[in-house]
Each structure stands twice: as C-alpha cells, then as structure tokens.
There are 2 protein chains.
Amino acid sequence: MATRLTIGRAAEAAGCKVQTIRYYEQIGLLRRPPRSEGNQRLFAQEDIRRLAFIRHARALGFPLQAIRDLLSLGDEPEQSCEAADAIAKAQLGDVEQRIEYLQALRRELKRMVEQCRGGRIADCRVIEVLSDHAPCEMFNHAVPRSGVGSP
Amino acid sequence: MATRLTIGRAAEAAGCKVQTIRYYEQIGLLRRPPRSEGNQRLFAQEDIRRLAFIRHARALGFPLQAIRDLLSLGDEPEQSCEAADAIAKAQLGDVEQRIEYLQALRRELKRMVEQCRGGRIADCRVIEVLSDHAPCEMFNHAVPRSGVGSP
DNA sequence: CCTAACACCTACAGTAGCTGTAAGTTCAAG
DNA sequence: CTTGAACTTACAGCTACTGTAGGTGTTAGG
Ligand SMILES: [Zn+2]
Ligand SMILES: [Zn+2]
Ligand SMILES: [Zn+2]
Ligand SMILES: [Zn+2]
C-alpha cells in the first residue's frame with residue numbers, strides 16, 4: 001500500500017493548484033518528496049496530511065510564517081502547547097481587528113451611498129465625500145494593508 | 001498663490017510616502033507635474049487635491065482601478081453620477097462580503113482557541129482542528145484572496 | 001507498437017499596492 | 001563654501017500565489 005499520489009492528485013485532494021504545492025515545497029513548507037523514475041513527485045500520506053494542515057490553516061487566514069511555526073511545534077508533541085495557542089490567539093485578534101476596521105469602513109461607505117440621491121456628478125455625494133475628508137466621520141482611517149478577505 | 005509643493009511636502013500633506021506619490025505618477029493616476037530648474041517635482045493645489053482624493057478613496061478600500069474610474073468621472077461634472085454610485089455600491093458590497101467571511105473565521109478561531117485547555121501539543125485543540133477539517137463547522141472556507149484589512 | 005492527449009517538469013514573469021535601497025543631484029542653512 | 005537633508009532615477013522585494021513557455025513522461029486507444 002503506501003499509495004503515493006502524483007502532484008495533480010495531491011492538489012485535487014487538497015483543493016489547491018498544482019503550482020501551489022510546488023511553491024510550498026520551494027519555500028520549505030513541504031519536504032521535497034521522492035520522485036518516480038521519470039522524475040515526477042510522489043506524495044506519501046504524510047505529505048498529504050501536512051498539505052491539508054497548511055491549506056486548512058490558510059483557509060483560516062494564518063500567514064505562512066505562522067503555519068511554519070505551527071508545523072514545527074506539531075513535530076514536538078510532548079512540548080507545551082502554549083506557543084501554538086498564542087499563534088492562534090494572535091490570529092484571532094488580527095481577524096477581530098480587521099472586522100472592526102471593515103465595519104467602520106462599511107458605515108462610512110453606507111452613509112456615502114445613501115446620501116446620494118442621483119443626479120449630476122457635480123452634486124454626487126460619493127465624489128464629494130471622497131474629495132473632502134473634513135465632513136468624514138471616520139477620522140482615523142488609514143490606508144489598509146492587505147490581508148484576509150473573502151473567499 | 002500658486003504655492004507649489006515639493007514631493008516631500010505633498011507626501012506630508014497627503015499622509016503617505018514620497019514613493020507612493022511617484023508610484024501614482026508612474027501608473028498614470030497623477031499627471032507628471034511641472035519641475036523646478038533642478039528637475040524636482042512641484043505640485044500645484046490641484047495635484048494635491050487629486051492626491052487627497054486618491055488617498056481618501058484608498059483609505060475606504062477602493063482599489064486603484066476603481067479610483068481611476070472615479071477620477072475620470074469626476075472630470076465630467078455634468079454627467080449622471082450613476083456610474084460613480086455603482087462603484088461605491090460595489091465597494092460596499094465587497095466590504096460586507098469580507099465582513100461576513102471574517103466573522104465566520106472569527107467564530108471558527110474562537111472555538112478553536114477556547115477549546116484548548118493548555119497542556120501538551122499532542123492534546124492541543126489548535127493543532128488538532130487544523131490537522132483535521134472534518135470536525136470543523138466551517139465547511140465552506142476557501143483560501144481567501146488579499147484585500148482590505150486593518151490599518 | 002505507435003501516437004495522441006494529457007499530466008508532469010523547470011524556470012520565470014506577473015498580480016496589488018506599495019516600500020526599501022543604492023547611487024547620484026539639488027537645495028537650503030550656517 | 002560646506003554640510004546634510006531632500007530630491008532624482010532605477011530597480012529589487014514584500015505576500016501568497018497564478019500563469020505561461022517550452023520541454024518530458026505517462027497512458028489509453030487503435
Ligand atoms: Zn451620486
Ligand atoms: Zn474620511
Ligand atoms: Zn493548545
Ligand atoms: Zn475547517
């Protein structure tokens with residue numbers, strides 16, 4: 001048994017692109033798997049599990065560095081899980097911050113959209129609000145950095 | 001009158017980096033401003049207003065392409081503002097989707113974090129949940145694309 | 001056994017929206 | 001006149017992939 005999968009099957013199993021797997025290998029998140037005679041990667045069940053872990057963590061928004069850390073923690077099952085929990089809590093905090101920020105954004109955008117009654121550009125609240133930050137209630141908005149969005 | 005600003009002053013006024021302004025010029029969001037004898041950019045008030053518009057729109061999460069569209073709409077004040085409103089509504093919809101997605105993430109992360117009582121990695125719910133998607137309530141989570149996050 | 005279709009290989013470029021760096025000019029204060 | 005900050009261009013790097021080109025391996029049908 002030791003049913004080994006080609007990269008295409010592995011990608012299918014993990015719900016990602018073939019290139020993504022090669023990318024994970026390249027940055028050292030996945031080991032370089034054994035190859036077939038024709039130089040094609042053959043993934044063992046352990047590799048597939050590791051890949052699933054990575055994809056699940058990614059789906060929860062963990063950055064690759066955090067996943068790297070979680071994976072190496074996972075390799076020492078007898079250690080305290082404090083560090084792992086801290087990573088998860090940090091991620092939770094991050095997501096909560098993002099939500100708050102986006103909710104402020106939503107309020108602002110909603111006001112903008114609702115105040116416009118249609119008509120000429122010259123009278124449009126959308127353009128007006130963007131042109132002038134003064135009447136904007138959201139004094140603290142800064143330019144966001146990229147992060148977890150929608151699927 | 002006709003007080004023209006150097007790029008450093010303009011950046012200060014807009015709350016962004018000098019390079020950001022040069023970047024906007026490079027991608028055609030800002031015109032190439034007149035230069036001093038020594039080849040340094042001199043920004044007129046109109047340039048500063050345009051830059052403020054861009055930064056404000058960015059702060060509200062509009063992608064640069066949407067901002068580009070909004071700017072060219074702003075150049076025709078007699079036209080209907082329908083298109084501008086559509087862009088703003090699309091952005092609002094986008095933000096709302098992101099919020100929903102992040103709220104689902106938050107629920108999932110919270111459960112994960114709360115279920116761990118501390119102890120060995122081998123028993124850690126954080127690692128366990130990530131290892132196995134089956135007991136995960138969030139069946140629909142996909143890998144997110146990047147987008148508007150926190151400040 | 002041969003061939004067509006398809007999966008795989010490497011290597012690299014591109015995405016968004018900046019940000020940082022290097023090597024060289026210009027400007028303003030002292 | 002000198003010093004140092006601010007400016008110039010040009011290009012590399014960030015995240016986490018995704019797409020493409022040009023070639024090789026595998027497999028099913030005839
Ligand atoms: Zn309008
Ligand atoms: Zn505002
Ligand atoms: Zn734990
Ligand atoms: Zn899950």
ask   = Just checking B:Ile7: base, sugar-phosphate only, or nothing, at a heavy-atom cut-off of under 4.0 Å?
value =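 The answer is sugar-phosphate, as B:Ile7 gets under 4.0 Å only of primed atoms, P, OP1 or OP2.
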ask   = Within the structure shown, what part of the strands sits under 4.0 Å from B:Arg22 by heavy-atom distance: base, sugar-phosphate, or nothing?
value =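 The residue B:Arg22 makes base contact.
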If you check the [X] side chain, which of [options] turns out closest?
| X | options | result |
| --- | --- | --- |
| B:Leu64 | D:dC17, C:dG17, D:dT8 | C:dG17 |
| B:Arg35 | C:dC9, C:dC18, D:dT8 | D:dT8 |
| A:Pro63 | D:dT8, C:dC8, D:dA16 | D:dA16 |

Salt-bridge test for [X] and [Y]: reply yes if a basic N is under 4.0 Å from a carboxylate O, no otherwise.
| X | Y | result |
| --- | --- | --- |
| B:Glu78 | A:Arg120 | yes |
| A:Glu114 | A:Arg125 | no |
| B:Arg50 | B:Asp47 | no |

[N] [atom2] sits how many Å from [X] [atom1], rounded?
| X | N | atom1 | atom2 | answer |
| --- | --- | --- | --- | --- |
| A:Leu51 | D:dC17 | CG | C1' | 14 Å |
| A:Leu29 | D:dA16 | CG | P | 10 Å |
| A:Phe62 | D:dA16 | CZ | C1' | 16 Å |
| B:Gln26 | C:dG17 | CD | C1' | 12 Å |
| A:Glu25 | D:dT18 | CD | C1' | 17 Å |
| B:Arg9 | D:dA5 | CZ | C1' | 11 Å |
| B:Ile21 | D:dT9 | CD1 | P | 13 Å |
| B:Gln40 | D:dC7 | CD | P | 7 Å |

ask   = Which heavy-atom pair separates A:Ala10 from A:Leu51 by the least distance, and what is that distance?
value =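 Taking A:Ala10 first and A:Leu51 second, the nearest heavy atoms are O-CD2, 4.0 Å.
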task = Grab the two heavy atoms, one from B:Leu73 and one from A:Ile121, that are nearest each other, plus how far apart they are.
result =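 It is O-CG2, 3.7 Å.
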key: Polar side-chain contact B:Gln19-C:dG20 base: donor and acceptor under 3.5 Å   =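 A donor-acceptor contact between them is present.
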Taking only side-chain nitrogens and oxygens of [X], does any of them come within less than 4.0 Å of OP1 or OP2 of [N]?
| X | N | answer |
| --- | --- | --- |
| A:Arg41 | C:dC8 | no |
| A:Thr6 | C:dA7 | no |
| A:Ser36 | D:dT26 | yes |
| A:Tyr23 | D:dT15 | no |
| B:Lys17 | C:dG20 | yes |
| A:Arg55 | D:dC17 | yes |

key: Closest-nucleotide 5' rank along DNA chain C - winner of A:Asn39 and B:Gly38   =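 Taking each residue's closest nucleotide, the earlier one in sequence belongs to A:Asn39.
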task = Using heavy atoms to find the nearest nucleotide of DNA chain C for B:Glu37 and B:Ile54 separately, return the residue whose nucleotide is more 5′.
result =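 Its nucleotide being nearer the 5' end, the pick is B:Ile54.
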request  = Assign each of B:Gly8 and A:Cys16 to its nearest nucleotide of DNA chain D by heavy atoms, then name whichever residue's nucleotide is nearer the 5' end.
outcome  =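 Of the two residues, B:Gly8 wins.
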inquiry  = Keeping B:His56 on the side-chain end and A:Val129 on the backbone end, is there a donor-acceptor pair under 3.5 Å?
reply    =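 Answer holds: yes.
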